[in-house]
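Here is the naming used below: chain letters follow the sequence lines, and residue numbers restart at 1 for every chain.
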Amino acid sequence: MKNVSDRHEDFFDRVYKIVEKIPYGKVTTYGLIAEKCGIKSSARTVGWALNKAKFSNLPCHRVVNRNGELTGKLHFGQPELMELLLKSEGVMFIDGRVDLSKNLWIPRKLS
DNA sequence: TGGATGACCTACA
DNA sequence: CTGTAGGCCATCC
């Protein structure tokens, strides 16, 4: 069996691998990532992983909640940064939220 | 070991 | 729309 540290690396690694693959100009959701990680019942933990990864080079600004709201913007240092980055990538906003119907990217399941 | 925390989700009033 | 409530799971202390 795996050690706790191994499990933690493994879990974070899954989230990283998915977030890392989010294409330019697209966004995905915590729940979707969680689902592809096999922990669909806990999208929260995905946010936790991103919290640890916010100092990494991951495009965590492309991860929004199920409603298309930028719930994690407060963790970017500057609240407006997240929306700015997305807009600069061509992501369309509707009433302060991401237009998921046009910009949603569904990650592929990890093998 | 167990409670508290969290960048969530769903359901309901 | 807002607020409340429950659940889910990894991590922290």
Side-chain angles (χ1 to χ4, degrees):
Chain A
M1 298 308 249
K2 297 170 184 286
N3 292 327
V4 176
S5 50
D6 285 337
R7 191 150 44 85
H8 136 229
E9 291 250 0
D10 186 49
F11 172 75
F12 281 8
D13 189 50
R14 290 185 211 167
V15 178
Y16 295 158
K17 276 194 157 89
I18 292 182
V19 175
E20 205 172 26
K21 289 175 182 169
I22 304 178
Y24 183 96
K26 293 287 182 181
V27 300
T28 191
T29 74
Y30 301 97
L32 234 36
I33 295 174
E35 188 177 345
K36 305 309 176 195
C37 282
I39 52 171
K40 137 183 131 169
S41 22
S42 183
R44 270 186 171 173
T45 316
V46 174
W48 230 100
L50 289 182
N51 189 20
K52 294 298 184 185
K54 70 181 174 185
F55 292 112
S56 304
N57 300 321
L58 295 173
C60 38
H61 59 275
R62 298 186 188 139
V63 184
V64 298
N65 73 350
R66 203 54 180 164
N67 227 359
E69 299 171 355
L70 312 183
T71 52
K73 64 177 170 186
L74 294 177
H75 292 261
F76 277 80
Q78 292 186 348
E80 65 261 35
L81 182 60
M82 189 174 185
E83 185 173 341
L84 273 163
L85 286 171
L86 291 175
K87 281 185 176 175
S88 70
E89 295 185 0
V91 175
M92 299 180 63
F93 278 75
I94 295 180
D95 194 28
R97 302 178 223 170
V98 177
D99 186 358
L100 292 178
S101 63
K102 292 181 178 165
N103 301 286
L104 177 62
W105 174 77
I106 300 177
R108 283 201 307 168
K109 196 173 180 183
L110 296 174
S111 47

Fill in: Quiz item: A/Thr45 side-chain donor-acceptor pair to C/dC9 base, under 3.5 Å
yes
Worksheet item: Just how far, in rounded Å, is P of B/dA7 from CG of A/Leu81?
Response: 17 Å
Discussion item. Checking A/Pro59 now: which residues fulfil side chain to side chain contact (heavy atoms under 4.5 Å, CB included) with it, not counting sequence neighbours?
Written reply: A/Val19, A/His61, A/Arg62
Practice prompt. For A/Glu35, enumerate each residue passing the salt bridge (Lys or Arg N to Asp or Glu O under 4.0 Å) test, keeping only those at least two apart in sequence or located in another chain.
Written response: none
Discussion item. Using whole Å, what does the distance between atom C1' of nucleotide B/dA7 and atom CG of A/Leu85 come to?
Written reply: 15 Å
Discussion item. Quick check on contacts: within residues 48-64 of chain A, what sits under 4.0 Å from DNA chain C by heavy-atom distance?
Written reply: A/Trp48, A/Lys52
Discussion item. Under the side chain to side chain contact (heavy atoms under 4.5 Å, CB included) test against A/Ser101, which residue among A/Asn103, A/Asp99, A/Leu104 passes?
Written reply: A/Asp99
Worksheet entry | For DNA chain B, the residues among residues 67-77 of chain A that have a non-hydrogen atom under 4.0 Å from it | A/Thr71, A/Gly72, A/His75, A/Phe76
Worksheet item: Sequence neighbours excluded, which residues qualify as side chain to side chain contact (heavy atoms under 4.5 Å, CB included) partners of A/Leu84?
Response: A/Glu80
Worksheet entry | Within 6.0 angstrom of A/Lys54 NZ, more than 12 heavy atoms from elsewhere | yes
Discussion item. Using only atom types and a distance under 3.5 Å, with no angle test, would you say the side chain of A/Arg97 pairs donor to acceptor with the backbone of A/Gly68?
Written reply: no
Discussion item. Of the options B/dG6, C/dC8, B/dC9, whose atoms approach the side-chain atoms of A/Asn65 most closely?
Written reply: B/dC9
Worksheet item: If only side-chain N and O atoms of A/Ser42 are considered, is one of them under 4.0 Å from the OP1 or OP2 phosphate oxygen of C/dA10?
Response: no
Item to complete: Calculate the interatomic distance between A/Glu35 atom CD and C/dC8 atom C1'; express it in whole Å.
Response: 14 Å
Worksheet item: How close or far is atom P of B/dC9 from atom CG of A/Leu100, stated in whole angstroms?
Response: 10 Å
Discussion item. Using every non-hydrogen atom in the two residues, find where A/Phe76 and A/Leu81 come nearest and quote the distance to one decimal.
Written reply: O-CD2, 3.9 Å
Worksheet item: Closer to the 5' end of DNA chain C via nearest nucleotide, is it A/Ile39 or A/Asp95?
Response: A/Asp95
Worksheet item: Does any residue of residues 26-33 of chain A have a heavy atom under 4.0 Å from DNA chain B, and if so, which ones, in number order?
Response: A/Tyr30, A/Gly31
Discussion item. What's the separation between atom OG in A/Ser42 and atom OH in A/Tyr30, rounded to the nearest 0.5 Å?
Written reply: 13.5 Å
Discussion item. So does A/Glu69 get a backbone contact from the side chain of A/Asn67, meaning a donor-acceptor N/O pair under 3.5 Å?
Written reply: no
Worksheet item: Quick one: which of A/Thr71, A/Ile33, A/Val15 gives a side chain to side chain contact (heavy atoms under 4.5 Å, CB included) with A/Val63?
Response: A/Ile33
Worksheet, complete the sentence: The reported gap from CE in A/Met82 to CG in A/Leu70 (rounded to nearest 0.5 angstrom) is 4.5 Å
